[in-house]
Enquirer: 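Please find one structure pasted underneath; my questions will follow.
Fair warning: this is a prediction, and the values are worked out from it, not measured in the lab.
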Amino acid sequence: MELGGNKNGCSSSPSGKIKGGDKKDLFHVIHKVPAGDSPYVRAKHLQLVEKDPDRAIVWFWKAINAGDRADSALKDMAVVMKQQDRAQEAIQAIKSFRHLCCKNAQESLDNLLIDLYKKCGMVEEQIELLKQKLRMIYLGEAFNGKTTKTARSHGKKFQVSIKQETARILGNLGWAYMQQNNYNAAEMVYQKAQSVEPDSNKACNLGLCLMRQGKFEESRRVLLSVILKECPGSEDPKTIKRAEELLSEIESVRVTGTELELRFEFEEGLMERIDLVLNEWAPFKSKRLPIFEEISTLRDQIAC
């Protein structure tokens, strides 16, 4: 869509009034609705202008079946379904129709699936998909071999580094393990996340994992780093309050036994391989980096 004319991007008549055709264009700009009359455009109009999510979903289905911006239609429909408490339907839709979407859309579909799994309490599925994303980083397949990617949040674009993405995925994986009360696995993952890119929220979660395993001294040190503002993000009053509450809980607990023995399985090996990738990461060339050649012998050891 091309707008021309005055400084606001709208053409106007000599009298200064906006012409009828340009009013229509301006409407699309204001409401962030694409122009035209295709199924996808109708779906977006129903979603954003008429605020009719049920009818919007119907038209998103029509857009997908017609091949009309299938990538965007599937993602937008899944978001609307999630908002309508139809997360299970959204999961099935993504699984059934993601093959119609281009390669570049797959990562955002995975991120949507992780959110949907979380909403539905499907922790095992969430963990498996998060591990898959970590394997992609290890194999150099994330970000198409680049060290950064452009992301979007609330309509704004920003750059995300491979380290930031790794820390984010590890944080989500640690949280998922906590939902299973698997605190030793969660501790390992949070330790790795903090070594990649520390922040106070993950530090609080790490402190909780340590506390649940009876590692009170270690937990106290981690939580004090938040309270003393030694950890990035410690300026947030809510985070400091949470750290103080956890520390208070530790002080009220009587230590009555030895620390629990850790059981290292898939996570330990994966964390070590993530270390190697982050230390030697470089954009893909025609041949894989030497470090990625290890996958041929390690692939059988990774849980599928």
Enquirer: side-chain hydrogen bond (donor to acceptor under 3.5 Å, both in side chains) with R220: which residues, sequence neighbours excluded?
Expert: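 Per chain and number, R220 pairs via side-chain hydrogen bond (donor to acceptor under 3.5 Å, both in side chains) with E217, E251.
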Enquirer: How about N184 and R212: does a side-chain donor come under 3.5 Å of a side-chain acceptor?
Expert: no
Enquirer: Should D85 and K119 count as side-chain neighbours, where that means a heavy-atom distance under 4.5 Å?
Expert: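 Result yes, sub-4.5 Å side-chain heavy-atom pair found.
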Enquirer: Please give me the minimum heavy-atom distance between A176 and V123, naming the atom from each residue.
Expert: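 Minimum heavy-atom separation between A176 and V123: O-CG1, 3.4 Å.
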Enquirer: Going by ring pair (Phe, Tyr, Trp, His ring centres under 6.0 Å), name the residues that satisfy it together with W61, two or more places apart in sequence or in a different chain.
Expert: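 Ring pair (Phe, Tyr, Trp, His ring centres under 6.0 Å) check on W61 returns F97.
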Enquirer: Going by the rule salt bridge (Lys or Arg N to Asp or Glu O under 4.0 Å), which residues pair with E244 if we only count those two or more places apart in sequence or in a different chain?
Expert: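 Applying salt bridge (Lys or Arg N to Asp or Glu O under 4.0 Å) to E244 gives none.
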Enquirer: So, R55 and E50, do they make that salt bridge, N to O below 4.0 Å?
Expert: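 So R55 pairs with E50 through a salt bridge.
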Enquirer: Side chains of K118 and N172: donor-acceptor distance under 3.5 Å anywhere?
Expert: no
Enquirer: Which atoms form the tightest heavy-atom contact between L74 and I64, and what is the distance?
Expert: CA-CD1, 3.8 Å
Enquirer: Would you find a donor on one side and an acceptor on the other, under 3.5 Å apart, between the side chain of Q106 and the backbone of R98?
Expert: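 Yes, because the side chain of Q106 sits within donor-acceptor range (under 3.5 Å) of the backbone of R98.
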Enquirer: Do D199 and R168 meet the salt-bridge criterion of a basic N to acidic O distance under 4.0 Å?
Expert: no
Enquirer: Side chains of K44 and Q47 only: does a donor on one sit below 3.5 Å from an acceptor on the other?
Expert: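 Present: a donor and an acceptor within the cut-off.
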Enquirer: Using every non-hydrogen atom in the two residues, find where K133 and I114 come nearest and quote the distance to one decimal.
Expert: CD-CD1, 3.5 Å
Enquirer: Under a 4.0 Å N-O cut-off, is there an ion pair linking D68 with K62?
Expert: no
Enquirer: Decide yes or no for Q194 and C231: does some side-chain heavy atom of the first lie under 4.5 Å from some side-chain heavy atom of the second?
Expert: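 Yes, at least one pair of side-chain atoms sits under 4.5 Å.
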Enquirer: Answer whether the closest heavy-atom distance between the side chains of D54 and V80 falls below 4.5 Å.
Expert: no
Enquirer: Give the intermediate values and the outcome of side-chain hydrogen bond (donor to acceptor under 3.5 Å, both in side chains) for residues E124 and Q180.
Expert: CA-CA 9 Å; E124 285 291 347; Q180 295 182 322; 2.8 Å; yes
Enquirer: Run the salt bridge (Lys or Arg N to Asp or Glu O under 4.0 Å) test against E245 and tell me which residues pass, sequence neighbours left out.
Expert: none
Enquirer: Can you confirm whether the side chains of N181 and Y183 place a donor and an acceptor under 3.5 Å from each other?
Expert: yes
Enquirer: Looking at E107 and K149, is there a salt bridge between them, counting it only when a charged N and a carboxylate O are closer than 4.0 Å?
Expert: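 Counted as a salt bridge, because a side-chain N and a carboxylate O are separated by less than 4.0 Å.
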Enquirer: Excluding sequence neighbours, so at least two apart, what forms side-chain hydrogen bond (donor to acceptor under 3.5 Å, both in side chains) with T239?
Expert: D236
Enquirer: Could you check whether any side-chain heavy atom of Y138 comes within less than 4.5 Å of a side-chain heavy atom of L134, counting everything from C-beta outward?
Expert: no
Enquirer: With a 3.5 Å cut-off and no angle check, do the side chains of Q126 and Q179 form a donor-acceptor pair?
Expert: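 No pair is found: no donor N or O on one side chain lies under 3.5 Å from an acceptor on the other.
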Enquirer: Measure from the side-chain N and O atoms of S200 to the backbone N and O of G233, and report whether any donor-acceptor pair falls under 3.5 Å.
Expert: yes
Enquirer: Got a sec, which residues hit salt bridge (Lys or Arg N to Asp or Glu O under 4.0 Å) with E230, two or more places apart in sequence or on another chain?
Expert: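 Result, salt bridge (Lys or Arg N to Asp or Glu O under 4.0 Å) vs E230: none returned.
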Enquirer: Would you tell me whether Y40 and D76 have side-chain atoms, one donor and one acceptor, within less than 3.5 Å of each other?
Expert: yes
Enquirer: Is it true that K215 and E187 make a salt bridge, defined as a side-chain N closer than 4.0 Å to a carboxylate O?
Expert: yes
Enquirer: Restricting to non-hydrogen atoms, name the atom on L210 and the atom on V222 that form the minimum distance, rounded to 0.1 Å.
Expert: CD1-CG2, 3.9 Å
Enquirer: Does any non-hydrogen side-chain atom of Q164 lie less than 4.5 Å from one of S161?
Expert: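 Yes, at least one pair of side-chain atoms sits under 4.5 Å.
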Enquirer: Judged by atom type as modelled, is there a donor-acceptor pair below 3.5 Å linking the side chain of Q213 to the main-chain atoms of C209?
Expert: yes
